[in-house]
Amino acid sequence: MASDTVVVGRAGSDRLALLTIDRDAPSVEIPVERLADAIADREARGEVRWVWADTASIYPGVLKAGVRVARAWDLRLVHGILRDAEGVVDDHGLRSHREWDAGSAAPATGDTLFDLGDASTGLPDSLDAAVAEYRRQLAAIASSSTPGALRLLCAAESAGALVAAELHAAGVPWSRTAHEEMLERQLGTRRGGGLPARIEQTAAAVREALDDPTASLDSQPRLLRSLHRAGLQVTSTSRWELAEHDHPVVAPLIAYKKLMRLYTANGWAWMQEWVHDDRFRPVYVPAGVVTGRWASSGGGALQIPRSLRTAVRADPGWTLVTADVAQLEPRVLAAMARDTALAEAASGRDLYAGIVERGAVGSRAEAKLAMLGAMYGATTGESGRLLPRLRRTFPRAMQLVDDAARTGENGGVVHTWLGRTSPAAGDAWQQLQSLASDATASGADETRARRSARDRGRFTRNFVVQGTAAEWALAWLADLRARLAAFPPVDAARAASASGPMFARSPHLAFFLHDEIVVHTPLEHADAVAAAVRESAASAGRLLFGTFPIDFPLDLRIGETAEKG
DNA sequence: GGCGGTTGCGCG
DNA sequence: AAAGCGCGCAACCGCC
């Protein structure tokens, strides 16, 4: 049961090469279509870490064959981390190998078979190239100032890439019926050609209030002119500004915008394009955000309105375990800063209530506003006004974010708890700053430079918190994924077949959004899954922050729909 | 008719 | 019109 590392590369147009690098053995060549079998064989014999160029290109085909891997190392994603990592002093040549900077070869649908990178992405695909890059990465980590943390980050990032592919393969169980009922209830009946009934009615009410039967409601410039003609002196057509005016057009116009948003973003056309076989299969993009958060492409997976969660429905005989972390970012901040006062305020309850109890501010709403302001860099308004009180009560936490902001304003880089480093200031930014410090600089130059410095400070301020929260979430996902894999499969007769061959008979992750997960599980496993979700959250906290007393309480529900109860 | 910029709004 | 971070997407607009 010794642990092995197997590097996968290409050995020709239709052959792959597998090399077990910890052993003195030659590489093995197999036809591309044998990869899933080879992986299944090797996984059955003991613990193994698969090293490959790009999980998003290779793993979907493996899953489609009903095979899963326990551990992987994604050379593309790890390269991105180490290339920028401040703690990597001697990079062992890694940074000069720019060919690993190429984007993923994964198509939006993710259903190519075993495509190990190709000419269109520029990612290297030979076994030799993969082995060489893997060795550079290990050496770079080993010689860094924080090898343990970086190794953890790279492993978590790679595990996340596995989860992303698995989430797409399994999909979110989706009820077209529930979705359609919701659309009809909100938008009215669909009519051939034109807009749904309630949208038409609301549009008519807007035109009536404007006393303009032909007013265009979908073109911002034209709508703005119509509003001006009707005596409403707004500078934009946004809901926030409209809501501040008392005029008969305001209510119907806001209603119209809301309905149109639902219709265009998540209406019947969206369902037609993105929901197939009772599953919504978004494409997740690990590390798609500079902070390390995931992005998504296609389907707007990370922007599904909460009102649509009612369409997320378990298969018959199955249920959903939905969990989100309460106030993840301020908790992460407390642990990073070793701010025991903030950690105590967060302990075992609503963190904002804890802040009120400590007397920093008067109400929960104020506590939330102040804390968000501290992490986002508010300077004005209510939020900015409350900040000094937070600074007095939680000086260590506030100093951490203030330091990050100052570093960014001065052109420096910051890093997350595990060592993901923010991008360096660009040439344009540097030029703007040096221009402003020149003797001949105008007042306008100085203002612009100062503003862009502040902008950058707010970015680095938030980077450390958002990025570390993303690391905690990766650890949570990776740990939970392993726990779910240990559940016994249910009878084939009870299979959720639309979840694909790999997940049809076992509890599986179905959705992930920054600090929230949904697990689709056979009914009889629901309680055990809920326990696993809680245990993995606690485990993630220990993995990142050791014995520092910070907890990560979950808001957890078990039920057939993922709607917040 | 394709393409990038702008506006507005959904999510955390 | 957000104030104060990070995203993706639809629709429109002006331009080539």
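First the proteins, then the strands, lettered A, B, ... as listed; each starts at 1. Note that these values count all heavy atoms, side chains included, but never hydrogens, waters or copies made by symmetry.
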Hey, does the side chain of A/Thr235 come within less than 4.0 Å of C/dA1's phosphate (OP1/OP2), counting only N and O? yes
With heavy atoms under 4.0 Å as the rule, sort [X] into base, sugar-phosphate or nothing.
| X | result |
| --- | --- |
| A/Ala295 | sugar-phosphate |
| A/Gly298 | sugar-phosphate |
| A/Leu242 | nothing |
| A/Leu369 | base |
| A/Glu244 | base |
| A/Thr291 | nothing |
| A/Arg461 | nothing |
| A/Arg222 | sugar-phosphate |
| A/Arg458 | sugar-phosphate |
| A/Gln466 | base |
| A/Gly377 | sugar-phosphate |

Nearest atoms (heavy-atom pairs only) where A/Tyr376 meets A/Arg458: O-CD, 3.5 Å
Rounded distance (Å) that lies between atom [atom2] of [N] and atom [atom1] of [X]:
| X | N | atom1 | atom2 | answer |
| --- | --- | --- | --- | --- |
| A/Leu262 | B/dC9 | CG | P | 14 Å |
| A/Met371 | C/dG4 | CE | C1' | 15 Å |
| A/Leu513 | C/dG6 | CG | P | 18 Å |
| A/Asp515 | C/dG6 | CG | P | 18 Å |
| A/Glu241 | B/dG8 | CD | P | 9 Å |
| A/Leu308 | C/dC9 | CG | P | 16 Å |
| A/Leu372 | B/dC11 | CG | C1' | 15 Å |
| A/Arg261 | C/dG8 | CZ | P | 14 Å |

A/Asp350 and A/Gln327: side chain donor to acceptor below 3.5 Å: yes
Would you say the side-chain atoms of A/Arg309 and A/Thr561 include a donor-acceptor pair closer than 3.5 Å? no
Which whole number of Å gives the distance between the [atom1] atom of [N] and that of [M]?
| N | M | atom1 | value |
| --- | --- | --- | --- |
| C/dG6 | C/dA2 | P | 16 Å |
| C/dA3 | B/dG4 | C1' | 29 Å |
| B/dG5 | C/dG4 | C1' | 24 Å |

Check DNA chain C for consecutive Watson-Crick or G-U pairs with both distances under 3.5 Å and list the runs of at least three as stems. B:1-12 with C:5-16
Give a yes or no on whether A/Gln430 atom CD has more than 12 heavy-atom contacts from other residues, nucleotides or ligands under 6.0 Å away. yes
Side chain of [X] (C-beta onward), nearest among [options]:
| X | options | value |
| --- | --- | --- |
| A/Arg309 | B/dG12, C/dA2, C/dG4 | B/dG12 |
| A/Ser296 | C/dA2, C/dG8, C/dC7 | C/dG8 |
| A/Val289 | C/dC7, C/dG4, C/dC5 | C/dC7 |
| A/His514 | C/dG4, C/dC9, B/dG12 | B/dG12 |
| A/Lys257 | C/dA11, B/dG8, C/dA3 | B/dG8 |
| A/Ser236 | C/dC13, C/dG4, C/dA1 | C/dA1 |
| A/Gln220 | B/dG8, B/dG10, C/dC12 | B/dG8 |
| A/Phe459 | B/dG8, C/dC5, B/dG12 | C/dC5 |

Please confirm whether the backbone N or O of A/Glu86 pairs with a side-chain atom of A/Thr421, one donor and one acceptor, at under 3.5 Å? yes
Checking A/Thr468 side chain against A/Trp417 main chain: does a donor-acceptor pair fall under 3.5 Å? yes
Do the rings of [X] and [Y] sit parallel, tilted or perpendicular, given the 30° and 60° boundaries?
| X | Y | result |
| --- | --- | --- |
| A/Trp174 | A/Trp270 | tilted |
| A/Phe463 | A/Phe459 | perpendicular |
| A/Trp268 | A/Tyr263 | perpendicular |

5'-most contact on DNA chain C: A/Thr380 or A/Pro221, nearest heavy atom basis? A/Thr380
With DNA chain C as reference, determine whether A/Met375 or A/Gly288 sits nearer its 5' end, using the nearest nucleotide of each. A/Met375
Does A/Arg293 contact C/dC7 through a side-chain donor or acceptor facing the base, at a distance under 3.5 Å? no
Check the pair A/Ser452 / A/Gln433 against side-chain hydrogen bond (donor to acceptor under 3.5 Å, both in side chains), numbers first and verdict last. CA-CA 9 Å; A/Ser452 82; A/Gln433 300 304 317; 3.0 Å; yes
